[in-house]
Undergrad: 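Structure below; questions to follow.
Residue numbers start from 1 in every chain, and the chains themselves are labelled A, B, ... in the order their sequence lines are given, proteins ahead of strands. Quick caveat, the model's predicted, so the values are computed rather than measured.
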Amino acid sequence: MVTGGTIRLRHGKALLRHVGGTLGITLPVFFIATLITFLLGVVSGLDPAAGIAGDAASPETVARIRADLGLDQPVVFQYLHWISGVLHGDLGTSWFNGVPAFELILQRLPISLSIAGVALLVGVVFGLGLGLVAGVRHGGRLDRAITLFAALVSSLPAFVVAFVLILIFSLWLGWLPSSGYVPFADDPIGWLAAVSIPAVALSVDVIADLARQLRTGLVVALSENYVTGAVVRGLSHRRILFVHVLRNASGPALTVLALKVPMLIGGAVVTEAIFNMPGMGKLAADSALRGDVPVVQGTLVLSILLILACNLCVNVLLGVLQPAARRRS
Amino acid sequence: MIRQLLRYPSARAAFAILAVVAVLAVFGPFLAPHDPLAQDGSALLQPPGTRYWLGTDALGRDVFSRLLAGSTVSVLASLLSVSIGLVLGVVPGLLSVFLGRRFEWINLRVIDALMMLPFLVFAIAMTAMLGNGLVQAMFAVGILITPAFFRVTRAEALSIANAEYIEAARLMGASTSAILRRHVVAKVLPPVAVAAASMTGACLSIVASLTFLGIGVVPPDPTWGGLLATDLANLYDRPFGPVAPALLIVATVWALNALADALRDSGRKETAA
Amino acid sequence: GCGGSGDKAAEKARVRWAFMLPTSWDPVTSRTGADINTVSLAYASLTRLDKDGNVQPALAQSWTYSPDGRTLTFQLRDKLKFTDGTPLDAAAVKAFFERGKTQKDSFLRPEIESIASFDTDGPLRVVFHLSRLDYQLPYVMAGRVGAIASPTAAAKDKAKLALWPIGAGPFKMVEFVPESHAYFVKNPDYWDAANIHVERLELTTLSEPTTTIASLVSGAIDVASIGPKRVEEARARKLTVTTAPSLNASDLMINRNKPPFDDPRVAEAVRYAIDRGELVKTLTAGLGTPTNQPFPPHYFAFDPQTRDKWAYDPARAKALLAQAGHAPGSLTVEIVINPLINEGLPELLQAQLGRVGIKSRLRIVPPGSSSWQSEVYIAKRPATAVDGTVGRESPVQNLLAVYGPQGIMNLSGPYAPPAFLKAIDEVRATPIDAPQYKERLQRATRLGAEQSPSVWLFSTPFIVATRSRVKHLNIVPSQIRWEGVTVE
Amino acid sequence: MRHRRPEPPAEPLLSVRNLHVVTAQGRELVRDVSFELAAGGTLGIVGESGSGKSLTCRAILDVLPPGLNIASGSIRFGDVDLSRLDTASWKDLRGKALSAVFQDPGSYLNPSIPVGRQLVEAIRATLRLGRTAARDRALELLRQVGFEDASVVYRQYPFELSGGMAQRVLIAIAICAGPRLLIADEATTALDVTVQAEVLDLIDRLRRDQALTLILVSHDLAVVSQICEHVIVMRDGAIVDAGPTRSVLGNPQSAYTRSLIEDHAVHTIESACPTSVSGKRTPLLAVKGLHAGYGIRTVIEDVDLELAPGEILGLIGETGSGKTTLLRTILGLIPTASGTIELDGARIDGLKAGPLRELRRSGALQYVFQDPLRSLDPDLTIAASVTEGLHLRGETDGASIAQALGEALQAVGLDAALASRLPRHLSGGQRQRAVIARALALDPRVLLLDEPVSALDAVNRLHVLKLLRGLAQEKGIAQVFISHDLGSVAGIADRVAVLYRGRIVETGPADLVLANPSHPYTRRLLAAAPRLSAQRSEAPAVFTAH
Ligand SMILES: Nc1ncnc2c1ncn2[C@@H]1O[C@H](COP(=O)(O)OP(=O)(O)OP(=O)(O)O)[C@@H](O)[C@H]1O
Ligand SMILES: Nc1ncnc2c1ncn2[C@@H]1O[C@H](COP(=O)(O)OP(=O)(O)OP(=O)(O)O)[C@@H](O)[C@H]1O
Ligand SMILES: [Mg+2]
Ligand SMILES: [Mg+2]
């Protein structure tokens, strides 16, 4: 099967090209997103020089510190300087406590990743599950119940959900702690207990949106001709659903999933505040409030990297599941 | 159009809720039975009663009046964000389809970049760094929701751009602006309206989250989100305190979403017909 | 080998305390009064206060003033050492204070102004040569000023000390994540280790106040300060609530260098516009006490003669404003606030000022280096700001912090009333057991309160909620301490 | 002569009795349809679009669209009553004894799975073969349906196949388990004439080789007449004519069948009419040595064309031969690579923005699209669309615009009352007239028509052809006319140009070229076109319709 081999190679190459193309788009996006982030610090007009000089600040010392920090250069150079630092893992040092921003962020990364990760997992499992049921039973009572649930739940701000969960699981039932964080390595069960309420509070929105999207995708896909074709060919319903329909119906859900990642990582700030978990979102918000520009920029850059990585995964997955979609783009 | 929408029961409910919210937003401050800022030291943290219908907060301010008075700000704030998102999203969304490849490429990448920003955190960072105030917050949110409008507009415009009647117009000598005016704008508006409705809801919820975190709103001005936050803080004294503001937020967001869904459905039916 | 063995015991005797982290873990660069609560975990001070605010021996067994009052000698305990193994002897103490004098970013310098030089007299005796009479120093040495840090660590890396304390305190740090948490284990070499029953202390930042009680109930934390209005709820949830006298006091700082307060009549009007009774009733559930000076009434530095001044008198306030040429409603001031202050206080003040015709706008400046610290404490940019003090070990220190030329809470700084400064010098020169000490001290308080424009509002006690397993809380007037605290 | 089946009438394989299909609201879409089909028989179902052909087939297969139901009637397949079958039994029947192929073949394959795997899946579901056996069988089937490079096709995705290839794959899937009955619902409708011929041949061959019983659905009487022994004609959900093909064609019972036959005849017969108006006049449109394409790909190569005023040039050629590309190049939508285009002696190739817009606004050169619905803005009234060019030209005088509108509508024979309607409220023929009116409103000298009648039914098609002819004769509007349908070209064109792979391989007077093609490609094109043939032998009585 020489030809078969070359064909496989051809598809492999097409997939590689797809991945390459996605990467090619990702890079400029990364630079633009980080530029926006950087400009935010510039526009803020906050100046570390004054802070460092302290109460003994004379115009000359401030000017000297500014020059030392490169703040007297054109913004483009400042950006290039900064981004090259970023690419080398140097995010600058906090204006507030002098600790390298990268270090500060790394300490918090596991927490944010735990919350966002578990939220993503819960969101995907329940979102896809409910969406599947609703889509297959569309028009039925179960479908209507799920749709209503999704509509109501997605209109709740995450912090309200968080409070309701605290009321139920921490105050009434006393099952789960309402604050604090335990590293996974120290105590996996404690970790799960600490992470579960915040993660669930965050995931509710993901569940609702994924369920909705998957349902719509399924309803559309189920009415496609190839489903009729498969029925006529004598395939079982289960096979038609899981082998044929799902991969084509999951497009919008996957796209939404990619869009939800920034919401999850960004939304963690609310749950982290409520649950007093020292995650990246809280760090970013606190630092923003006290004008600690390097830390804010650092957290944003890291979040952007994470989000881009997730996006890349989803895009590649989409390309694998739906070669036609890949071709079209 | 409206009549068609009213055929959906959910749209009827949505309209009813939104009508109430609109009345609150416009007349809320005038309907308030008490001054929303007036403190009654003799009635702190009162439960709902005849004098103070929804009770009072920790400073003895009438919660009901504050809820009414906060409507204007909350609703205006969401509308402001949505308007910013509309302007920044729809125009480039349209032009990206019609103004050549380079413009399109840059637009797409910028929008992609905006979508890569961690939403709430970025809104907070932007608000805090541009000076903590509601207008700044709404500006930040407006910019962050731009991609939603951009994508909707662009998708619709793309589907129109390849239509043969556009080519026909071009063959009769129509310029790009003439094509936009005659053929494109009117068709792009309905889906944009759908997006605007659901985005208004989303913004309301985002504003609530921001105010909950103490971002964007400076005391003593009431907002729904701020009230919810204080009511949650006083949960022990007023266990049902959060219900009213939460209900108001949830109902409004739901109504806007339901309206968006109904709009979308009726639009679909119409094109199918 | 800390905590390697005895994990079980550590687990049992573990306390999780929600408080806030210090501005720096190095006593030399720590900047605010509240820091002593946490700095004192890692450091022992030369002296310490008892529950009534009296000085007791600590690292120093005893101290003596020379008859002329110009030298002060501390006799250290034997065989003390820092957690890095460096011996804590007279040389180490001397090195610490010299660093406090010379280090560029030292915040200790004004506090030890009256000490001209340091000497050792044998390995266990430190001698302070004073440039002026100062009988307050033993008090001062009970706080962060006397919290001796390892000279070896400081010589190695001063910056690191700000993040990783090396002292000879009851605990030794084992983990620190800035702005998040700091974990400690018991330091067996602490001189009073016999009284430390907590094996592991986990300090975390204060949670969202709305969920503090939930966190206590669910066991996520064991000890936390709560607001006065949450006492009832905490008790209802079977938490132990301990209240103890404190030196806390809230104030509305006023900047006499900024209009409209450059006219003393306006500042005076504000004093009459404030209804402290209402503040106490509304904000502290009756647990607070009104005060018009930086001390609560139970404290010996409280001046009884001032007590009844500036009673609530809106008519007088309006009259003063009219005299200053401000018609009702024509004056708008900006009040700077931060999110940590008592919920509702700014709005209540705003309403009270409104009643005498002063309109106001609130502006939030978050606490932190580049905003609250630099803008309010250092640059003194606002015309008014709402703030509060947690007190200092020495009343003189306390008065200087709020009225002195370099006091961080003196918004009018570097201005300080000359008469007040003279009175302070007199107090310093008076031995604390002298009969006229108290009277002189109260006079200084009186002069400060009269001549500085800031308005003192009320004082609240320490209110600490604990899970029932934590017993015998040890709260001295300016700080929470851990000697004697037991865990079940 | 086709293969003949000598067996006497036996127990019918399929028997449909009094079938009624209704919507949930109770509207009858198929009314009282009955027929019987013996094993080995071939039945054609014809009828206009929407007449219920597909629903009848789907009812047999129990795959009616959601919301539609069989209200009454019985369907028997062999000795099973299909109307009371449970899911499990259906699974045993479908794909094995009963199978089907449909119109728009691409959409019946899962776009995300290589076709080979879909074929293997069907084989394994019906035949319970092992993995490798199924794979071998799949490759064999692919070769059987005419793929020489079966292993290549095996790994391709549906979107990588042409319509004809996809239809062959579907046929392979349909016959994989050796079914007894194959239903081919418009299996060739969207395909090119030459591809259509191949697929029909394939079906016919398989039918004979595998003793298939066949139902062939089409709206084209000619297609059915070539293969089927029997035919039923449907209209509005009911059978209007039925019987052996020859007798139905030779002696149609209903007026509707008669009109179908006549319509089919019309364009071929009318070929006599056009009298060439061309003398040796100066050409209005002249194309010389034209090369054009997309990017680096050249689609049009060295094309020369001349068009005199009032002349109609028919342009024919298979799909992808470059007909549309040629017209779009003339219109300036695709840049020329080399060569010249002259309109009335002036070069119009290579014009840039301003002058190009000027030329377009003059209206001299107008284009008519294949699909009238898509080339009209759905939100604009007919009047607005027709007068759009006038507005763009900058004319503001309401009265003169109204007059131009009136004239244009009159010229195409559209009632002025329709001017205020939206496109979707017009019939297909009316829409196409509106599009032509839009072109006429600008006083064109040359009309380029890209398949203007393909979307129209026979009756409308004739009207539009007559209209175009009239415009050429009365107004002297020169036209280039593209059509797949050779009958239409023959009926209207003065001259014909045959495009093959981007080159004009033959050109000359229409009657001459069509009657006596000189290029082999033209011959093949003409041979592939289905023709109405009533010449089938008398069928055995294996079929009855009621
Ligand atoms: N799902 C449906 N719901 C309602 N009406 C339908 C549905 N599907 C088809 N119809 C209607 O049923 C009638 C017959 O449709 P059918 O598809 O059988 O026509 P057809 O003869 O196959 O036409 P074509 O040649 O266009 O394929 C049409 O009028 C059509 O509008
Ligand atoms: N936009 C395009 N980009 C690249 N290639 C194209 C494009 N449009 C058409 N082609 C290719 O150019 C060739 C000629 O296409 P064209 O549309 O002119 O054929 P046609 O003769 O009009 O066919 P049909 O009868 O199907 O309309 C085809 O091979 C086609 O694949
Ligand atoms: Mg059909
Ligand atoms: Mg074409």
Undergrad: Are there over 12 heavy-atom neighbours, none belonging to D/Arg76, within less than 6.0 Å of that residue's CZ?
TA: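 Enclosed.
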Undergrad: Side chain, backbone, both or neither: which part of D/Leu98 has an atom under 4.5 Å from a heavy atom of chain A?
TA: backbone
Undergrad: At a 4.5 Å cut-off on heavy atoms, which part of A/Val227 comes close to chain D: side chain, backbone, both, or neither?
TA: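 Neither; nothing under 4.5 Å.
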Undergrad: Verify the neighbour count for atom CZ of D/Phe147: are there more than 12 heavy atoms of other residues, nucleotides or ligands below 6.0 Å?
TA: yes
Undergrad: With a 4.5 angstrom heavy-atom cut-off, could you sort out which part of A/Leu321 is near chain D: side chain, backbone, both or neither?
TA: backbone
Undergrad: Within a 6.0 Å radius of atom CZ on A/Arg247, are there more than 12 heavy atoms belonging to other residues, nucleotides or ligands?
TA: yes
Undergrad: Is the shortest side-chain heavy-atom distance between A/Val232 and D/Tyr108 below 4.5 Å?
TA: no
Undergrad: Once rounded to the nearest 0.5 Å, what's the spacing between atom CG of D/Leu109 and atom CD of A/Glu224?
TA: 12.5 Å
Undergrad: What part of A/Arg233 gets within 4.5 angstrom of chain D, counting heavy atoms only: side chain, backbone, both, or neither?
TA: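 The answer is both parts of A/Arg233.
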Undergrad: Of the backbone (N, CA, C, O) and the side chain (C-beta and beyond), which part of A/Ser236 lies under 4.5 Å from a heavy atom of chain D, both, or neither?
TA: both
Undergrad: Can you name the nearest heavy-atom pair linking A/Val243 to D/Asn110, along with the distance?
TA: O-ND2, 4.3 Å
Undergrad: A/Gly234 and D/Ala125: which non-hydrogen atoms are nearest, and at how many Å?
TA: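 The pair with the smallest heavy-atom distance is O-CB, 4.3 Å.
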Undergrad: Kindly give the heavy-atom pair with the smallest separation between A/Leu235 and D/Ala122, and that separation in Å.
TA: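 Closest pair (atom of A/Leu235, atom of D/Ala122, distance): CD2-CA, 4.5 Å.
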Undergrad: Give, for atom OG of D/Ser112 and atom CG of A/Leu246, the distance between the pair rounded to the nearest 0.5 Å.
TA: 11.0 Å
Undergrad: Side chain, backbone, both or neither: which part of D/Ser107 has an atom under 4.5 Å from a heavy atom of chain A?
TA: both
Undergrad: Using a cut-off of under 4.5 Å for heavy-atom pairs, which of D/Asp92, D/Ile173, D/Leu170 has the most such pairs with chain A?
TA: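 If we count pairs closer than 4.5 Å to chain A, D/Ile173 comes out on top.
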Undergrad: Identify which part of D/Arg58 has an atom lying under 4.5 Å from any heavy atom of chain A, answering side chain, backbone, both or neither.
TA: side chain
Undergrad: Need one label for D/Ile113: side chain, backbone, both or neither, based on atoms under 4.5 Å from any heavy atom in chain A.
TA: side chain
